[in-house]
Amino acid sequence: MTHTPASSAPLIDPFGRAVTYLRVSVTDRCDFRCNYCMSESMTFLPKGDLLSLEELDRVCSAFVTRGVRKLRLTGGEPLVRRGIMTLIRSLSRHLETGALDELTLTTNGSQLAKYAQELADSGIKRINVSLDTLNADKFREITRWGDFNKVMAGIDAAQAAGLKVKLNAVALAGFNEDEIVPMIQFAHGRGMDITFIEVMPLGEIETQRADQYLPLTRVRAMLMDHMTLEESSHSTGGPARYFTARETGGRIGFITPLTHNFCESCNRVRLTCTGTLYMCLGQEDAADLRKPLRESESDGPLLAAIDRAIGLKPKGHDFVIDRSTRKPAVGRHMSLTGG
Ligand code: SAM
Ligand code: SF4
């Protein structure tokens, strides 16, 4: 494979934001069907449309050439993509050279018991595990297919392998509102940070978004009755705003795409498993990278396509969830673009 970078200049979008973070949905498939993420009967992309592991590596590496410092593999469930460890081991060469600061992933935890040690051995230091409840029955209800005990075993294995684990929980009205405090206690008791996320109107699902939506302003107000939250300067380069709970010493993050738009500091773009680059989670602006990738052995056309795409990055999303807005902001599910 010949690498002939058109330029190694950083990627700067029309609003002066440097793009230094690439999230890659390595598969749109998943072994769960979380009811806020997917519909029960999802149509997945034909397997033949997927970028191969080598192609995913090439696109990621092209972004690294252009100044991307952080790569997150996500999905769908990244650990159900066949051969995923081959891709991870290969991408970890960029950690060794210092070109990349961090290689990480977001996972539902179902396969972690199997992969945790290998992930740690491949230079991964931190992972995000999604967990919306501590109750095994409710876990089955929200994920439709998931096994709570497997995820717990996955978290155990990850911590035993030395991976730093952060929990991600989507705040869901009438579902986990009463578990926010126990979840924080659980996370902090095990040395994990926990981040709450507002549900976003992405893709058609069976439930009304307005019925699921729990504003984090409400969660924070409720938390004030239980603990003392001190604003923290901690940042992982993402949209979460962190607080430290004085009682536990642990951190709580809030990702608030609805109640507080954070687009002015957006530093990321998202690649799907078929090579479509989305410049914003909440907008349709996209560029096809698969064609330039396949059209030449040299990376020239790919790098030129990345440049053109970054030039189209929109200012931000405009998510709304209310009773009068029945359509999702965009038709694609989170599992396609990568959460
Ligand atoms: N399967 C992996 C997992 O669940 O961690 C990775 C992909 S999943 C799409 C990434 C994150 O997006 C998860 O934390 C999930 O809870 C969150 N998510 C999915 N759909 C969402 C939505 N409509 N609004 C907000 N977060 C969502
Ligand atoms: Fe799968 Fe993650 Fe979506 Fe749940 S949130 S269905 S685990 S992709």
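This one's a predicted model, so the numbers in the text were calculated from it and none came from an experiment. Whatever order the structure lists them in is the order used to number ligands and atoms, beginning at 1.
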For residues 183-194, which side-chain N or O atoms pair as donor and acceptor with protein atoms under 3.5 Å away, sequence neighbours left out?
from, atom 1, to, atom 2, distance (Å)
H188, ND1, T248, OG1, 2.7
H188, NE2, R251, N, 3.3
H188, NE2, R251, O, 2.8
R190, NE, Q159, OE1, 3.2
R190, NH1, D156, OD1, 3.0
R190, NH2, D156, OD1, 2.7
R190, NH2, Q159, OE1, 2.7
D193, OD2, R251, NE, 3.1
D193, OD2, R251, NH2, 3.3

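Counting heavy atoms from C-beta outward, I252 and F196 have side chains that approach closer than 4.5 Å. Looking only at side-chain heavy atoms (C-beta outward), I124 and L163 come within less than 4.5 Å of each other. Put simply, the side chain of K166 does not reach to within 4.5 Å of the side chain of V129, judged on heavy atoms. Put simply, the side chain of M279 reaches to within 4.5 Å of the side chain of P314, judged on heavy atoms.
Nearest heavy-atom pair, G123 versus L95, reported as atom, atom and distance to 0.1 Å: O-CD1, 3.5 Å. Contact detail for V59 and L302: the closest heavy-atom pair is CA-CD2, 4.2 Å.
Within the 3.5 Å criterion, the main-chain N or O of T86 finds no donor-acceptor partner in the side chain of S90. Judged by distance alone, with hydrogens and angles left aside, the side-chain atoms of S52 form a donor-acceptor pair with the main-chain N or O of E55 at under 3.5 Å.
Here Y36 has heavy atoms under 4.0 Å from ligand 1 in both its backbone and its side chain. Counting heavy atoms closer than 4.0 Å to ligand 1, residue T74 contributes side-chain atoms (C-beta onward) but none from N, CA, C or O. At a heavy-atom cutoff of 4.0 Å, ligand 1 is contacted by no atom of D132, backbone or side chain. Both the backbone and the side chain of V199 come within contact range of ligand 1, each with a heavy atom under 4.0 Å.
Close approach to E198 involves these atoms of ligand 1, each under 4.0 Å from a residue heavy atom: 25 (C). Per-residue contacts place V170 under 4.0 angstrom from the following atoms of ligand 1 (heavy atoms of the residue considered): 16 (O), 26 (N). Of all the atoms in ligand 1, the ones that sit under 4.0 Å from a non-hydrogen atom of C37 are 19 (C), 20 (N). Applying the 4.0 Å criterion to heavy atoms of G75 picks out, from ligand 1, the atoms 7 (C), 9 (C). Of all atoms in ligand 1, listed by their number and element, those nearer than 4.0 Å to a heavy atom of G76 are 1 (N), 2 (C), 6 (C), 7 (C). Close approach of ligand 1 to T107 (heavy-atom distance below 4.0 Å) involves ligand atoms 2 (C), 3 (C), 5 (O). Close approach to G76 involves these atoms of ligand 2, each under 4.0 Å from a residue heavy atom: 8 (S).
Here the straight-line distance linking atom SG of C266 with atom CZ of F15 works out to 11.5 Å at 0.5 Å rounding. Atom CD of E102 is separated from atom NZ of K125 by 9.5 Å, given to the nearest 0.5 angstrom.
Among E77, M38, M200, R23, the residue whose heavy atom sits closest to atom 23 (N) of ligand 1 is M200.
Atom 4 (Fe) of ligand 2 has C34 SG as its protein N, O or S neighbours under 2.8 Å.
Cation-pi geometry between K138 and F175 is met: the NZ or CZ atom falls under 6.0 Å from the ring centre, inside 45° of the normal.
The shell of residues lying under 4.0 angstrom from ligand 1, judged by heavy atoms, excludes P201.
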